[in-house]
Structures are given as structure tokens and as C-alpha cells.
There are 2 protein chains.
Amino acid sequence: MLVTKETLTRRERLRAELITEIKRAARRRLTESGAGELSLRGIARDVGMSPASIYTYFKGLDEVVTGLIVDSFEAQASAIRSASAGQGSIKERLKRATWAYRVWAHDSPQEFRLLYESPIAGYRAPEGGPTVDAAIAVMSPFMELLREASATGQIPPPPPGPPIDTGATAPRLDGGIDSDWLRLGIEIWSQFHGFVSLELNGHIPPGSALDDVYDHLIDNIVSRLGFTD
Amino acid sequence: MLVTKETLTRRERLRAELITEIKRAARRRLTESGAGELSLRGIARDVGMSPASIYTYFKGLDEVVTGLIVDSFEAQASAIRSASAGQGSIKERLKRATWAYRVWAHDSPQEFRLLYESPIAGYRAPEGGPTVDAAIAVMSPFMELLREASATGQIPPPPPGPPIDTGATAPRLDGGIDSDWLRLGIEIWSQFHGFVSLELNGHIPPGSALDDVYDHLIDNIVSRLGFTD
DNA sequence: ACAATATCCAAACGGTGTTCGCATAGCAAC
DNA sequence: GTTGCTATGCGAACACCGTTTGGATATTGT
């Protein structure tokens, strides 16, 4: 027991393991059965403990949900970063990033709902805004590509328009961000997010080749940026 | 009682009144307290009857929710139709219609969520697709304006692209619809719906003049249509 | 007046999140 | 090694939820 001071004690280790197991059970319920089955008592059954014992590790169901949200944001951000980071021109990397956004939504529809809609009845996000940080991580790769394209002179700066408050996001993006660029990013984001959102909720005629339609949409968006190619 | 064959009988009148009162109480709960407070027992308390009696008028909570959805779709469609119908050029009417979409969402955020997200846990839309008809009523004014602008030669036809299955919506739009025009409409819809959706869920930096940003977005969309003005 | 139907409700069943009190196990200091 | 402190676990309870059942009551058509 000489190492107990440096490493985790036995109880702390068990505690960490149980926390991840609870979150894993919660995520399994969300993905396999939807937000309606994401219940604290159900999670307790899955991990084989009493409902009351969950409160030893989480303040309540809301805190479990917050953990799921943060992890999901990071998962989508990671997928987008991977798609954005590979070889190819910035235009190609940008297209891949927008595709990663949609592919992740299709692979994880329940998580996508959790991030961008409000499928859990009484849930309130916590004060500190840990979910905000995680959400910005999704947006970042797109802003980085725009910045890189701008810095290398591949696309012209956007025409000036109404200002966006960069105060909330700028400190969390490397090197800050210009208002016009941020607004351009939001406009682009609006477009492909809107398509994915409508699609996911069944508002776009099914049976169509929606992959091709999305590709067409992305082509339009990217070509409007005015790449010098 | 000679008129009973033509008019409604006393019971039928009371029944109709009670149905609207139940729906009104449900809508009040939704708008004032959110989807989480939209409970059958709560509605029963509000209208002063037992929970079991609600089942005399609705098959269950889902049927009440379906009624709310249909009415809400019609409310938004009505707002958009009004905005679209007034004086001015087609370009101006189109801008007003997109603004009506957003204004309605801001005035009725809970209803907007009900229509375009899935805030109620186990809800399943009914078979016959009455909600689909109502949803198309929202899309129709936009498609009508595009058709009118096209027929009068004010905007060029969209370049051909991947086909959209018009089978589901064409029979419900007067005179059918061309695949390329429908796809254009969906692309436009995606853009302003995406903005409203992100905005409503707190994903766009607050404190900004989002009205101006939306106006800028709409200007971009409309100018891209190539109005001859 | 009578039979059929519609309405209403109390009670119950199984589900939910959360709180409380108490028992037990792990651990740190003496 | 024993003693105290703290963390963990759980059963029971409370107040909700949607839904079903059975029986009582009121309205209707004949």
C-alpha cells in the first residue's frame, strides 16, 4: 500500500468504474430504445443496483444525461475532426467534414436528437456550461477550414453584414474569430444542419436518393464560397 | 326535437365542446409549461374531470398530442399563407413568408418543437398520416411562390440535379410539382429551418442581433434565386 | 316506460424520479 | 487492534405518470 498516495485508492477505482458503467448503460438505453427508455430505474436494473444507489454517483438523472450530452458532442466533434484532417484540398476536406456531420447523425440518431433537440422532458443544462464547450468543439473544425482557406487566399473574405457576438465562442477558438467569418460559418451550418434535421424527423419525402440530394446541397454551399481552385 | 336530424343533438354538442376544451387545456399546458407538463392527468385536473373520462373522447394521450400537432401545423401554415398572400412583388412575399416561419417559431416555441422535433417520449404518429397532410400545408405557400415566380418568368428554372420523389407530396400540391423545383424548395427550406432550429436550441451565440442575421440570411437565399426584378 | 347507449369515476396496476433512514463495508488514525 | 468516520448500498415511501376495469349514473331513441 505504498503507492496509495500516488495512485487511486481501491474505492476510488471502483467508483470510477461504476460511473463509466452507469453511463455506458445509459447510452445503450438511449441508442437502442430511444430517449423514452432512458430512465434512472432502468439504468439501475441494467447495472444491477438499486435506483437509490445511483444517487451515490450522480446528483440525479439530469446529471447522467449531461454526461451523455458532453460525450456525444465530443464523439461527433471527433468524427468531424477526423474527416477534416486527412489529405486533399481544403474544399475536399470541407465537403468531407459536412458529410461526417450527416453520417454521424445517421449512425447515432438518438444522440443527434439529444444534442440538437430536447427529447428529455424536464432536462435543464447545468450552469457552468460544460455542454457549451463541447458544442463549440463540433463547430471548430468548420471554422478552422474557413480560416485556413482564407489565410491561403483560396476564398475571398465574406462581404460584411450584421455583427455576430463573438464573445462567447472566440475565446474558445484558437486565435479568436472575426464576426463576418463566424456569421458565414453559421449560415453554412444552418443549411446542412437544417437538411439533416428535417431528414431525421421525416419531413423530407422518403424513398428519394437523399445521399445525392445532400451531396448536391453541399456542392452548392461549397461552390458559393468562391474557391479559386 | 324536429331539428335533431339536421343539427347536432345535445350530447353531440356537449361532446364537441368538451373535446375542444380538452385540447385547449392541453395546448395551454404545452405552451405555458412545456412538453414535460403535457400529461393526461394534468389535463384532466385542468378541465375538472377524472383521468379515465378523457378516454371517452380520446384513445389516449397520443391522440390528444396528434390533435395538437395537426392544429399547430395549420396555425403555422395559416401564418405563412397570410404573410405570403399580401401585396408586393413575389420576392417580397417570399421574404415575408420566410419571416412568418421564424416569427411563428419564436411566438410558439413549444409548438415548433412539437412539429419539428420529438419532445414527447413515446409518441407515435398515427397511420393515416393526418400530420403529413398538415405538414405539407406549411411547405405549400413556398412552393406556390416558386411556381408563380417561375410561371411569370421572374426566376430561371433550377439546374437539374438528383431527383426527389414527388409522389408523396405532388398529389397534395395543386397541379403537381417538378422534381427539380421541389428539391430547390427543400434546399431553401433547409437553410432557414436550420437557422431557426439552431437558434431555438441555443446553439447560436446569444446577445447578437439575430433578427438582422436572419434577414441577411434570407437576403442571400432570395438573391440566389436570380430574380430579374 | 323501457332498453340501449354514452358518460363518468373510483380503484388498481405497473411505471417513473427522488428522498429518507438504516445497515454495512472500507479506511484512517490512535 | 480497536475505534470512529465516511462512503456505499438498499428497502420503503411519496408523489407523480398512462392506462384498464367495473360499476354507477345520466341521456337518448323507441
Does A:Ser39 place a side-chain N or O at less than 4.0 Å from the phosphate oxygens OP1/OP2 of C:dT16? yes
Under 4.0 Å, counting only non-hydrogen atoms across every strand here, what does B:Tyr57 touch: a base, just sugar-phosphate, or nothing? sugar-phosphate
Angle class for the B:Trp99/B:Tyr214 ring planes (parallel below 30°, perpendicular above 60°, tilted otherwise)? perpendicular
B:Ile120 CD1 to D:dG18 P: how many Å, rounded? 10 Å
Can B:Arg102 and B:Asp211 be counted as an ion pair, charged N to O under 4.0 angstrom? yes
Atom-to-atom span, CD1 of B:Ile22 to P of C:dT7 - whole angstrom: 11 Å
Distance test, side-chain N/O of B:Ser53 to OP1/OP2 of C:dC9, below 4.0 Å: yes
Protein-nucleotide distance (A:Ile43, atom CD1; C:dT16, atom P), rounded to Å: 11 Å
Carboxylate-amine/guanidinium contact A:Arg183 A:Glu187, below 4.0 Å: yes
In plain terms, say whether B:Arg81 and B:Glu74 are close enough for a salt bridge, that is, a side-chain N and a carboxylate O under 4.0 Å apart. yes
When the ring planes of B:Phe112 and B:Trp104 are compared, do they come out parallel, tilted or perpendicular, using 30° and 60° as the limits? tilted
In whole Å, I'd like the distance from the CG atom of A:Leu40 to the C1' atom of D:dC17. 16 Å
Sugar-phosphate only, base, or nothing, as touched by B:Gly60 at under 4.0 Å among non-hydrogen atoms: sugar-phosphate
Closest to the A:Leu18 side chain: D:dG18, C:dC8, D:dG9? D:dG9
Relative to the ring of B:His203, is the ring of A:Tyr116 parallel (under 30°), tilted (30 to 60°) or perpendicular (over 60°)? tilted
For C:dA6 and B:Arg15 - does any side-chain N or O of the residue sit under 4.0 Å from the phosphate oxygens OP1/OP2? no
Distance in angstrom units between B:Ile54 CD1 and C:dC9 C1', rounded: 12 Å
Under 4.0 angstrom between B:Tyr55 side-chain N/O and C:dC8 OP1 or OP2: no
Would you mind reading off the distance between A:Glu37 atom CD and C:dT16 atom C1', rounded to a whole angstrom? 11 Å
In whole angstrom, give the distance that lies between atom CG of A:Leu14 and atom P of C:dG26. 9 Å
Would you say B:Ser50 places a side-chain N or O within less than 4.0 Å of OP1 or OP2 belonging to C:dC9? yes
Under 3.5 Å between N/O atoms: give me all the protein pairs with nucleotides 12-15 of chain D, atom names plus distance.
none

Check the distance between C:dG15's C1' and A:Leu38's CG and give it to me in whole angstrom. 15 Å
The single option from B:Phe192, B:Trp181, B:Trp189 that satisfies ring pair (Phe, Tyr, Trp, His ring centres under 6.0 Å) with B:Phe142 is B:Phe192
